[in-house]
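Below is one structure; the comments refer to it alone.
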Amino acid sequence: MSTPFPSAPMASPVVTAHPAAAPRSAPAPVAAKPTAKATPKRPPLMAQPRVQRVVYPVLVGLVLIALWQGLVTAMELPPYLVPSPILMMKTLFTDWAALGGSLWVTVKITVLAFVVATVAGVLISFLFVQSKRIETALFPYAVLLQVTPIVAVAPLIIIWVKDPTASMVICAALVALFPIISNTTLGLRSVEPDLQSYFQLNRATRLQTLLRLRIPSALPYFFGGLRISSGLALIGAVVAEFVAGTGGQGAGLAYQILQAGFQLNIPRMFAALLLISLTGVALFVLMAWLTRVALGGWHASETSHD
């Protein structure tokens, strides 16, 4: 009985993949286009702080002027009691030849007095900061100068000083002097203790400490004193003009107010008062602008947006 031959193993059929059935390779990723950065939207015009600082006071002023005009018209007040804003503006234009020259005289006295007060106040503050004993001995006299009514001192100054312009400048400078002394001295004293110790550790001289530490620390206080002193210089100039009573070409706005009061020309009086007020506002705005220019890049009082 013969043994059957073992059957040969059957070869498994080779499956060939159809070219269409081959797995497709993933497409190469396309480089994403860089998206432009979204520019921050600017707030509306009325939401900007700079615009609000101008528009809001102007709106309030227009409302007050409208109420003033309406009350004068409704109550039929005569011009020698309360002139209307329209009549005041007309008088300002018709009498500009006299009021404009007087405005220049008052502004000249105010600016000269303000410069004198600033220079003298800064020098006195530098003297005070050098020694606590000097400040203790002399500061009460600065306070005494501030509390003394300028109306009581002005006649003596006008008698002692023969030049009317110089005497009025001195009177106005005395009124504007104390805020410069007080604020600048406070700023020069308000120095960080750690920074002061650092300067002492490096054996800095008094002059180096003054120029590089005390003066930068005192700048915010100094400019705050300037904003106050500019208005006081204008008040001092007007008071000095009242006391001096100078007329003619050297007459200031105070003389125009006195003359208008004697003549019962109340619209001209109100026009002169308007020019004095606008001058004071212009001085304050100028000092605020100088403060922003000097401190806007580094001090918190000008960089804060709250």
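No hydrogens, no waters, no symmetry mates; every other heavy atom, side chains included, goes into these values. Just so it is clear, the structure is predicted and the values come from calculations on it, not from any experiment.
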Kindly give the heavy-atom pair with the smallest separation between Ile150 and Cys171, and that separation in Å.
CD1-O, 3.6 Å
For a quick test of reading the model, state the closest non-hydrogen atom pair linking Gly187 to Ala218 and the distance between them.
C-CB, 3.4 Å
So Val143 and Phe178, do their side chains get closer than 4.5 Å, heavy atoms only?
yes
Does Ser167 reach the main-chain N or O of Pro164 with its side chain, forming a donor-acceptor pair under 3.5 Å?
yes
Should Leu186 and Ser190 count as side-chain neighbours, where that means a heavy-atom distance under 4.5 Å?
yes
Joint cluster assignment, Met75 & Phe270, ILVMFWY side-chain distance < 4.5 Å:
yes
When you look at Phe222 and Val122, which way does the side-chain contact (heavy atoms from CB on, under 4.5 Å) test go after all the steps?
CA-CA 9 Å; Phe222 170 70; Val122 170; 3.5 Å; yes
Would Trp104 and Ile109 satisfy side-chain contact (heavy atoms from CB on, under 4.5 Å), going step by step from the backbone distance to the final call?
CA-CA 9 Å; Trp104 165 246; Ile109 295 173; over 6 Å; no
Short side-chain to backbone donor-acceptor contact, Ser229 and Gly225, under 3.5 Å:
no
From Gln69 CD over to Leu62 CG, what is the distance, rounded to the nearest 0.5 angstrom?
13.0 Å
Going by heavy atoms in the side chains, are Tyr80 and Asn265 under 4.5 Å from each other?
no
To the nearest 0.5 Å, atom CG of Leu219 lies from atom CZ of Phe223 at 6.0 Å
Hey, quick one: are Leu278 and Ile276 part of the same hydrophobic cluster, counting side-chain heavy atoms closer than 4.5 Å, chains of contacts allowed?
yes
With hydrophobic residues grouped by side-chain heavy-atom distances under 4.5 Å, do Leu59 and Leu64 end up in a single group?
no
Using every non-hydrogen atom in the two residues, find where Glu241 and Leu253 come nearest and quote the distance to one decimal.
OE1-N, 3.4 Å
Counting only N and O atoms by type, is there a donor-acceptor contact under 3.5 Å from the side chain of Trp68 to the main-chain atoms of Pro83?
yes
Closest non-hydrogen atom pair between Ala271 and Met88, with its separation:
N-CG, 3.8 Å
Exam field: side chain Gln208 to backbone Thr205, donor-acceptor pair closer than 3.5 Å
yes
Taking the side chain as every heavy atom from C-beta outward, state whether Leu226 and Ile180 have any pair of such atoms under 4.5 Å apart.
yes
So, the side chain of Arg214 versus the backbone of Thr209: is there a donor-acceptor pair under 3.5 Å, distance only?
no
Between Thr279 and Leu103, what is the shortest heavy-atom contact and its length?
OG1-CD1, 3.4 Å
Tell me, do Phe139 and Leu144 make a side-chain contact under 4.5 Å, heavy atoms counted?
no
Whether the side chain of Thr94 engages the backbone of Thr91 through a donor-acceptor N/O pair (distance < 3.5 Å, no angle test) should be reported.
yes
Does one side chain, of Arg227 or Thr291, offer a donor that lies under 3.5 Å from an acceptor on the other?
yes
Rounded to the nearest 0.5 Å, what separation is found between the CE atom of Met89 and the CD1 atom of Ile65?
8.5 Å
Determine whether more than 12 heavy atoms belonging to other residues, nucleotides or ligands lie under 6.0 Å from atom CG of Leu156.
yes
Quick one: are Val175 and Val239 in side-chain contact, heavy atoms under 4.5 Å?
no
Same cluster for Phe93 and Trp96 if Ile/Leu/Val/Met/Phe/Trp/Tyr side chains link at under 4.5 Å?
yes
Quick check: do Val293 and Leu290 have side-chain heavy atoms less than 4.5 Å from each other?
no
Can you tell me how far apart OG1 (Thr106) and CG (Leu275) are? Round to the nearest 0.5 Å.
9.0 Å
Using every non-hydrogen atom in the two residues, find where Phe128 and Thr185 come nearest and quote the distance to one decimal.
CD1-OG1, 3.8 Å
Let me confirm one number: the CG-CZ distance from Leu92 to Arg268, rounded to the nearest 0.5 Å.
11.0 Å
Please lay out, stage by stage, how Leu87 and Val72 fare under the test side-chain contact (heavy atoms from CB on, under 4.5 Å).
CA-CA 11 Å; Leu87 180 58; Val72 171; over 6 Å; no
From CD1 (Ile266) to CG (Leu273), nearest 0.5 Å:
10.0 Å
Are Val129 and Thr184 close enough that some pair of their side-chain heavy atoms sits under 4.5 Å apart?
no
If you apply the rule side-chain contact (heavy atoms from CB on, under 4.5 Å), what do you find for Arg189 with Glu135, and how did you get there?
CA-CA 11 Å; Arg189 291 290 185 190; Glu135 180 182 357; 3.0 Å; yes
ILVMFWY cluster, Tyr221 and Leu232 together (side-chain gap under 4.5 Å)
no
